[in-house]
Amino acid sequence: MKELELIAELRSLLATNDPRIVRGLGDDAAIVRARGYAVTSVDTMVEGVHFHSTQLSAPEIGQRALAGALSDLAAMGVDCDPAGRDGAGAQAYLALGLPGGYELEQARALIAGAGELARRLGVTIAGGDVTAAPALVVSFTVVGWADDPGLLVGRDGARDGDLVGVTGSLGDSAAGLAVIEGRAEHLDSELASALRTRYAKPLPRLAAGRALALAGVNAMLDISDGLATDAEHLARASGVAIELDLAALPLARGVSEVAALLRQNPALLAARGGEDYELCFCASPAGRQALEAALAAASPDTAITWIGEVGGGGPVGARFRDLAGSDSGLAGYEHTF
């Protein structure tokens, strides 16, 4: 496969009539008509580290990579809807590293998978780069826009007395990976399919993140490395102690069944498992009902579960108060170099 051949495929697959794109695919750089503040994140997925091509289809790899990047915008409360109040939508830029022997049809399918998710969410893939690489690398840079940065949410605003909540359910992706890897044999086929989908085709909580930001959460991040690790990130960024209840974690149907086959505590699987791409946030107890109402209006199928509090007089960091001793400081995924 030649580089120019692949670039031509990119231009064909990702063609857009988005009026915001003055110049997009095919030029040396994209020109985007926008206003206000750019909110930018980069997320990279590498064969053998974040996925295996033998376990996922090419379209799933593309969608999964874009979803992971967009989840960072969701965590900030960015409005990515081109018809929304800010009206700027979001753009994505794909850097694709292809190993020797990677076929044009595979690359086309990967790009199409990312493009399908982008269209579903109103995101424009406006440019990028392709290169030879020793392993398959899919990296997305995503850019959202805001008129008022004061309406965005960081990790550093948690306050003593805040409640800690999460959206959706946890442990689905870890359970789905166990299904894909053949570590959960004899699981009901319907459950296995649903859990596999949660791992292979995650959906970023863009509408939920925007609704929570506007409703007044004090701090927020997405759960990509597992709640145990990501709650620690939030606590350290805010300089607070966070106490969580392992027993309160929301588990999707099928997680307990997979955990039983793995001979693990299902709540521990949910706390340590990464890539759920749900949102974890801190908010004043006085705003609890307003947050629940705002999320119900913006994303009716997404529930809030309250799983802990900020404070308690302990050291800065996150701990599970229903675990004893050193076990209270669980850890999720962390890269080592």
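These numbers come from a predicted model, not from an experiment.
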What distance separates [X] [atom1] from [Y] [atom2], expressed to the nearest 0.5 Å?
{"X": "L121", "Y": "L66", "atom1": "CG", "atom2": "CG", "value": "7.5 Å"}
{"X": "D72", "Y": "S224", "atom1": "CG", "atom2": "OG", "value": "6.5 Å"}
{"X": "L136", "Y": "S53", "atom1": "CG", "atom2": "OG", "value": "5.0 Å"}

Salt bridge present between E275 and R198 (N-O < 4.0 angstrom): no
Please determine if E232 and R236 form a salt bridge, counting it only when a charged side-chain N lies under 4.0 Å from a carboxylate O. yes
Just checking R183: does its CZ atom have more than 12 heavy atoms from other residues, nucleotides or ligands closer to it than 6.0 angstrom? yes
Is the number of heavy atoms from other residues, nucleotides or ligands under 6.0 Å of E181 CD greater than 12? yes
Table please: side-chain donor-acceptor pairs of residues 245-262 below 3.5 Å, with sequence neighbours left out.
| from | atom 1 | to | atom 2 | distance (Å) |
| --- | --- | --- | --- | --- |
| D245 | OD1 | R321 | NE | 2.7 |
| D245 | OD2 | R321 | NH2 | 3.0 |
| E257 | OE1 | G254 | N | 3.2 |

Has [X] got a side-chain atom pairing as donor or acceptor with [Y]'s backbone, closer than 3.5 angstrom?
{"X": "T124", "Y": "A126", "value": "no"}
{"X": "S238", "Y": "R155", "value": "yes"}
{"X": "D148", "Y": "G150", "value": "yes"}

Do R64 and Y199 form a cation-pi contact, if we require the NZ or CZ to be under 6.0 Å from the six-membered ring centre and within 45 degrees of the ring's axis? yes
Closest contact, heavy atoms only, [X] versus [Y]:
{"X": "A294", "Y": "A211", "value": "O-CB, 3.8 Å"}
{"X": "G171", "Y": "D276", "value": "N-OD2, 3.0 Å"}
{"X": "C282", "Y": "A158", "value": "SG-CB, 3.8 Å"}

Are side-chain heavy atoms of Y102 and L110 found at a separation under 4.5 Å? yes
